[in-house]
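Reviewing the structure listed below.
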Number of protein chains: 2
Amino acid sequence: MREFKRKSRVLLVDDNSDHLRGIKELVTLEGCYDVVGTTTSANVAINLIKKYRPDIVLMDINMPEKDGLQAIQEIERLGLDTRVIALSGYDDADLIFRAMKLGAKGYVLKTMASAQLIYAIDEVAAGKVYLPSALTSRFFEYFQRSFKEEAVVSDEENLLTYLTSREEEVLELLTQGNNYKGIAGKLFISETTVKTHVNNIFQKLQVNDRTQAVLYALNNGFGNRKRSKVAV
Amino acid sequence: MREFKRKSRVLLVDDNSDHLRGIKELVTLEGCYDVVGTTTSANVAINLIKKYRPDIVLMDINMPEKDGLQAIQEIERLGLDTRVIALSGYDDADLIFRAMKLGAKGYVLKTMASAQLIYAIDEVAAGKVYLPSALTSRFFEYFQRSFKEEAVVSDEENLLTYLTSREEEVLELLTQGNNYKGIAGKLFISETTVKTHVNNIFQKLQVNDRTQAVLYALNNGFGNRKRSKVAV
DNA sequence: TATTTTATCAATCCAAAGATTTAGAACGAA
DNA sequence: TTCGTTCTAAATCTTTGGATTGATAAAATA
């Protein structure tokens, strides 16, 4: 290979053929990209991607027939090296969040300056994830709000706060599916002691059995290391 | 008020008093900030925030005694207008993710140029969320990976698919904390029938008791209405 | 039609879980 | 020091849970 830096191979997808032409011109003029194809259909796009394995796909996500978001998901599931940049007319936080969740490596507004789009392509082609700072801000407001609502739920009166640290350890093991014997073995204490702790836990959490205790724990922020609620 | 733009009131928190002095100097020299306080303790910081209601808190999150992340969470729970920027020595994706999840409005590395910090303060003070683009990229890699793993898990070999519809109903009631009697009453069948179903469920899910069955169900997409996995 | 799957129920039987009471040792706070 | 809390443990007892076997009837499927 003679070039130092291989040209990025780009596929353009937009249901509006005028836009498509405009984008193609813009990207081609830049000189450092190979436009391997353009299409107005998300379904066709998937096939083209399988065939040509582009580095970058510019995907309009405001298309009528097949949802661009769904297309992004399908492309990601192909497991190729193709990286998708979402093109959208809206800076809606929910749209941004969903696109990024589904695997988009960038999100650029159609109203943004063309230089912005070129920059995004370069960044994403270089293996980074790129979001214009204004959209990053939008994204995080949405992201943080979804966690905040969770916090409110688990706050007010969380019975878990009444547990002693030892009881928390026991509950932790309960939430892993251990029985008395298993817990006793792991904490190096007798089975009767575990029973005492568990009974105290039941009292404090106001439940009748271990399953309810485990459910209460999981629903109220216990073991947040691995579990959390994110509205998606 | 005579000024067009009120000076942002800033609180600095870093357990290393040398760093603290350095940051204070940097921020003060800039001229457009009021440093309302500095402290090496996260606990003291919380009290100072309650007292002085700063606009911005620069919070070192690599502190020994009280975790800076925990401090961020507590500050957010105060429900004030104070916006926290995390200061860290590490560009670890997990750290960034957790800080942002807990409500940080920015994340800046200590190794970054001072202009970057000043810029972050301005952006956050203006109501935005600010992450340097390199860290944004890190964040999203982590974010997207957590959703990707979820998809993989819930696919491959989900034992829940072997359950009959009646068994699903029973399992649903199990995941609500019902015992045999409760389930029998709700499905208008005998307790022994419920026992049969539950035993079959255990066989199919390869578990030993109801708690493990419930945990398997919750971890494998059963009742996805309210729950999803995001490693946090 | 023959066969398999599903849903129903009963009778055991043993193991595990849960309730209750009592109590000693360690520790920190008043 | 005294008091309260926590962690530990045992004994006892009742209830629930779980395993197993066997059986019937309807429904789906081959």
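We use all heavy atoms of the structure for the numbers below, so side chains are in, but hydrogens, waters and symmetry mates are not. Numbers restart at 1 for each chain; the letters A, B, ... are given by sequence-line order, proteins then strands.
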**OP:** Mind checking salt bridge (Lys or Arg N to Asp or Glu O under 4.0 Å) for A:Asp92 and listing every partner two or more places apart, or none if nothing turns up?
**Re:** none
Original post:
Thinking salt bridges, do B:Arg77 and B:Glu74 make one under a 4.0 Å N-O criterion?
Top reply: no
Original post:
Tell me, which pairs form a salt bridge (charged side-chain N to carboxylate O under 4.0 Å, His left out) where one or both residues lie in residues 180-197 of chain A, sequence neighbours left out?
Top reply: none
Subject >> Electrostatic pair A:Lys101:A:Glu76 at N-O distance under 4.0 angstrom >> reply: no
Subject >> Salt-bridge contact B:Asp14-B:Lys110 (side-chain N to carboxylate O under 4.0 Å) >> reply: yes
Subject >> Distance-only donor-acceptor check, side chains B:Thr192 and B:Ser190, under 3.5 Å >> reply: yes
Show each protein N/O and nucleotides 9-19 of chain D N/O combination with a separation under 3.5 Å, one pair to a line.
residue, atom, partner, partner atom, Å
D:dA9, OP2, A:Ser190, N, 2.8
D:dA9, OP2, A:Thr193, OG1, 2.9
D:dA9, O5', A:Thr193, OG1, 3.3
D:dG18, OP1, B:Arg210, N, 3.0
D:dG18, OP2, B:Tyr180, OH, 3.2
D:dG18, OP2, B:Arg210, NE, 3.0
D:dG18, OP2, B:Arg210, NH2, 3.2
D:dG18, N7, B:Lys195, NZ, 3.4
D:dG18, O6, B:Lys195, NZ, 3.1
D:dA19, OP2, B:Asn199, OD1, 2.3

Subject >> Span of DNA chain C in contact with chain A (heavy atoms, under 4.0 Å) >> reply: C:dA17 to C:dT20
**OP:** List in chain and number order the residues that pass side chain to side chain contact (heavy atoms under 4.5 Å, CB included) with B:Ala99, two or more places apart in sequence or in another chain; answer none if no residue qualifies.
**Re:** B:Leu69, B:Ala86, B:Ala104, B:Tyr107
Original post:
A:Asn200 has an atom CG; how far is it from atom P of D:dT5, in whole Å?
Top reply: 13 Å
Original post:
Residues in ring pair (Phe, Tyr, Trp, His ring centres under 6.0 Å) with B:Tyr130, at least two apart?
Top reply: B:Tyr119
